[in-house]
Each structure stands twice: as structure tokens, then as C-alpha cells.
Amino acid sequence: MTETYILQGRQIGAAELEQIRQFLAEYPHWSRWRLSRELPLLWSWRNGAGQLKDMAARALLLKLEQRGWIDLPARRRTPANRMRHKRLPELDLAAPQAPVREALRALVPLIISECSHADGAPGQRALFDALLHQHHYLSHRSSVGENLQYLVSDAQARPLACVLLGAAAWQCAARDRYIGWDGSVRAQNLHLIANNTRFLILPWVRVAHLASHVLGRIAQRLSADWQAKYGHPLYLLETFVQCDRFKGTAYRAANWVRVGQTKGRTRQDRADGTWHHSAIKDVYLYPLHRRFRRHLQGHTAQSNATYDHHNSINDHDRSTLTPGSPGANP
């Protein structure tokens with residue numbers, strides 16, 4: 001290896017690769033699981049909250065092996081698919097489904113509970129997973145990687161909505177043009193963007209303006225919540241709205257901006273140039289900081305400040321936006 005690559009957010013060059021090879025040679029009898037635990041200890045590789053990045057180390061080792069740069073020990077067992085075997089609660093016992101048709105003012109202030117911590121609110125997390133699994137058109141079984149899960153209820157504890165945020169898409173031409181970064185900077189700073197991967201207003205809830213209100217409330221607290229859990233802030237939100245199913249009304253009402261469309265390709269594109277077709281989706285973004293571009297481009301120190309979207313997009317930012325068109329409301 002003569003070049004330096006960004007893999008799992010780390011710079012990997014000849015020196016790092018040689019260190020990994022020596023590490024593998026020194027402990028030939030260790031399992032892949034133990035190697036992925038010991039490597040981040042060797043490098044003091046932790047996230048901003050101090051948590052060991054063993055999953056990132058595992059992915060890094062697999063990528064290096066796939067490129068033919070290292071040889072890992074043979075697998076000792078086939079990894080279990082915990083999502084395939086996950087049991088979900090019966091919703092008829094978990095959540096009331098009586099129609100909710102009051103005006104929004106009769107429901108506020110809403111109770112918004114972040115329930116991704118397994119030991120924090122296990123009942124809420126089980127309900128969150130079950131509601132998305134049964135009622136979201138893409139379904140849901142579990143979340144991996146950095147993520148936050150918001151269960152939204154009214155004062156009577158009636159569930160109204162579920163919002164899931166996770167890791168940003170590896171690449172998206174419309175988003176990347178809007179930010180103005182190249183591939184190497186994106187690899188270093190992609191963790192500063194979150195993807196709204198699921199947004200569900202429960203089917204028995206019919207409340208005008210509820211969806212945009214929920215999006216606004218969560219945007220106000222999201223970066224601080226992410227900082228508390230993962231040790232770093234967020235500067236931009238993204239979502240992908242399937243435009244043959246939805247109109248994007250809630251996102252546009254909540255001041256998200258449509259910046260383009262996907263190309264109908266997925267990250268499962270093959271090395272031989274063939275690719276999987278997927279639905280065309282509108283790309284919506286929501287900046288969480290007035291200098292989000294500078295932070296994402298790596299030109300300034302991180303800050304936790306948030307801002308009001310109406311007052312903080314300057315004329316230059318507005319000139320780069322694609323005018324809103326009928327898009328989506330997931």
C-alpha cells in the first residue's frame with residue numbers, strides 16, 4: 001500500500017497496515033471477535049462518549065481482508081442474525097388504537113421520549129419497534145450503529161408517532177453538492193449527519209400539522225441528545241422520500257429543503273458495474289447550525305449550538321436550493 005485511505009473514519013496507510021499485520025502475527029490464535037476488541041484498545045479508539053469502537057474495528061478488519069491486504073483467522077462460528085429472530089410484542093396488547101382526531105392545540109405539549117437505550121425504557125423501546133414493524137410501509141426490526149429513537153405521545157400517554165434517526169447515507173450526489181465536500185472530507189465528517197430513516201404518524205391519528213410539529217420539536221433537541229449519547233454533535237439532517245408514494249408535505253412545512261433526487265441506485269452496486277434498481281426518492285435536508293457547511297467541510301471547531309431555520313439560511317444558501325416540488329410525507 002502506497003496511498004492513505006479513510007476506512008471507518010480512520011486514516012489507514014502503510015504504517016497502520018503494517019501495525020495491524022504485526023498485531024495479527026503476534027496473536028494468531030485470537031478469534032475475530034477478540035481481535036476486534038483488542039485493536040481499538042491498542043489504538044485508544046473510542047467515540048466521543050468514551051465507548052470502545054469495537055464494531056468499527058470489526059468492520060475495518062473485514063474491509064482490509066476483502067481488499068487482500070490482511071488474512072484474518074477462520075470464522076469460529078457463523079454470526080447470528082439477531083434481527084431475523086427478534087420477537088416483537090402483540091400490538092393489540094401494547095397500544096390503544098382508538099381514533100385520535102383532536103386539534104393539535106388540544107394535544108400539546110407532546111411527550112417525546114428518546115428510547116434507544118436498552119436499559120432506559122425497555123417498554124417504550126419494545127412499543128417503538130413494534131409500531132414501526134407493523135405500521136411503517138418499510139417495516140422495521142432493529143437498529144444498528146449510531147441511532148436515536150423517539151416515541152411521541154400526548155398528555156394521556158396515547159402513542160402518536162415514531163421517529164428513527166441513524167447513520168447518513170454513504171454518498172448522495174444531491175446532498176454532497178449542497179454541502180460542497182469531496183470524498184475524503186465526507187469520509188471524515190459523515191458521522192456529523194443523521195438520516196431520518198423512519199417517520200410514522202400512526203394510522204389512527206388524524207391531527208392537522210402534527211407531523212411538521214413533531215419534526216420541529218425533535219430538530220430542536222436532536223444534536224444535544226446525540227452529543228449526550230455518542231459524544232459528538234450533528235450539523236445536518238437528511239431524509240429520502242419515495243416520491244411515487246408521498247408528497248413531502250410535512251418536511252416542507254417543517255422547513256426542510258428539497259435539494260434533488262436519488263438516481264435509483266443502492267449501496268449494493270456490484271464491482272462489475274451492474275447495479276440494483278430502487279425507487280427514485282426526493283432528497284430533503286435540514287441544517288442544525290448556521291455554519292453547517294463550514295463544520296462539515298472541516299473548516300471550524302465543533303459547536304453544539306442550534307438555530308432557527310427561518311432566520312439562519314443566508315442568501316447564498318438560499319440560492320443553492322432546488323425549488324420545492326411535490327415530494328413526500330413518510
Side-chain angles (χ1 to χ4, degrees), residues 89 91-116 121 123-140 148-165 194-225 237-258 282 284-288 306-313 323-330:
L91 283 183
D92 57 348
L93 301 177
Q97 300 186 20
V100 179
R101 302 183 184 278
E102 293 94 321
L104 179 59
R105 64 178 177 271
L107 303 178
V108 296
L110 302 179
I111 301 171
I112 301 179
S113 304
E114 203 292 296
C115 53
S116 64
Q124 288 183 332
R125 182 170 180 175
L127 177 58
F128 177 92
D129 286 343
L131 290 170
L132 280 182
H133 174 70
Q134 180 161 327
H135 296 295
H136 196 281
Y137 81 103
L138 294 175
S139 191
H140 171 73
L148 290 178
Q149 304 168 18
Y150 293 98
L151 180 64
V152 182
S153 306
D154 66 2
Q156 301 177 49
R158 295 178 297 180
L160 303 175
C162 300
V163 182
L164 173 63
L165 296 111
N195 185 349
N196 178 201
T197 57
R198 298 287 191 276
F199 182 25
L200 171 69
I201 301 295
L202 296 175
W204 56 87
V205 177
R206 293 288 186 269
V207 178
H209 313 300
L210 173 64
S212 58
H213 180 77
V214 167
L215 289 170
R217 285 281 306 279
I218 289 176
Q220 290 174 358
R221 60 178 287 181
L222 180 60
S223 185
D225 288 350
L237 302 180
E238 68 181 18
T239 198
F240 300 91
V241 175
Q242 191 169 326
C243 47
D244 62 352
R245 294 180 65 102
F246 306 109
K247 295 182 179 180
T249 305
Y251 287 106
R252 287 185 279 117
N255 295 311
W256 291 56
V257 290
R258 180 185 177 277
D282 287 328
Y284 283 86
L285 303 177
Y286 187 93
L288 294 174
T306 56
Y307 78 107
D308 179 81
H309 188 278
H310 280 297
N311 298 327
S312 301
I313 299 292
S325 64
N329 181 15

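We're numbering straight along the sequence, starting at 1.
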Using 0.5 Å steps for rounding, measure from the [atom1] atom of [X] to the [atom2] atom of [Y].
{"X": "R125", "Y": "E114", "atom1": "CZ", "atom2": "CD", "result": "9.0 Å"}
{"X": "L215", "Y": "Q220", "atom1": "CG", "atom2": "CD", "result": "11.5 Å"}
{"X": "L160", "Y": "W204", "atom1": "CG", "atom2": "CH2", "result": "10.0 Å"}
{"X": "L237", "Y": "L285", "atom1": "CG", "atom2": "CG", "result": "9.0 Å"}
{"X": "F199", "Y": "L165", "atom1": "CZ", "atom2": "CG", "result": "10.0 Å"}
{"X": "R245", "Y": "L138", "atom1": "CZ", "atom2": "CG", "result": "7.5 Å"}

* To do: Decide whether Y251 and D282 meet the rule of one side-chain donor and one side-chain acceptor closer than 3.5 Å.
  => no

* **Residue pair N196 / Y286, side-chain donor-acceptor N/O under 3.5 Å** => no

Please give me the minimum heavy-atom distance between [X] and [Y], naming the atom from each residue.
{"X": "I201", "Y": "A161", "answer": "CD1-CB, 3.6 Å"}
{"X": "F128", "Y": "C162", "answer": "CE1-CB, 3.6 Å"}
{"X": "S139", "Y": "R198", "answer": "O-NE, 2.9 Å"}
{"X": "P159", "Y": "L202", "answer": "O-CD1, 3.3 Å"}
{"X": "L104", "Y": "H209", "answer": "CD2-O, 3.9 Å"}
{"X": "H135", "Y": "P203", "answer": "ND1-CG, 3.6 Å"}

Side-chain contact, heavy-atom cut-off 4.5 Å: [X] with [Y]?
{"X": "R158", "Y": "S153", "answer": "no"}
{"X": "W256", "Y": "T239", "answer": "yes"}
{"X": "R252", "Y": "T249", "answer": "yes"}
{"X": "Q149", "Y": "D129", "answer": "yes"}
{"X": "V152", "Y": "R217", "answer": "no"}
{"X": "V100", "Y": "L107", "answer": "yes"}
{"X": "L164", "Y": "H136", "answer": "no"}

* For the pair Y150 and V214, evaluate side chain to side chain contact (heavy atoms under 4.5 Å, CB included) and give the outcome as yes or no after the intermediate values. => CA-CA 10 Å; Y150 293 98; V214 167; over 6 Å; no

* Is there a side chain to side chain contact (heavy atoms under 4.5 Å, CB included) between I112 and V163 once you walk through the steps? -> CA-CA 10 Å; I112 301 179; V163 182; over 6 Å; no

* **Candidate pair L131 and L151, rule side chain to side chain contact (heavy atoms under 4.5 Å, CB included), full reasoning** => CA-CA 10 Å; L131 290 170; L151 180 64; 4.1 Å; yes

* Asked: By salt bridge (Lys or Arg N to Asp or Glu O under 4.0 Å), which residues pair with R206, not counting sequence neighbours?
  ->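 Once residues adjacent in sequence are excluded, R206 has no partner under the salt bridge (Lys or Arg N to Asp or Glu O under 4.0 Å) criterion.
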
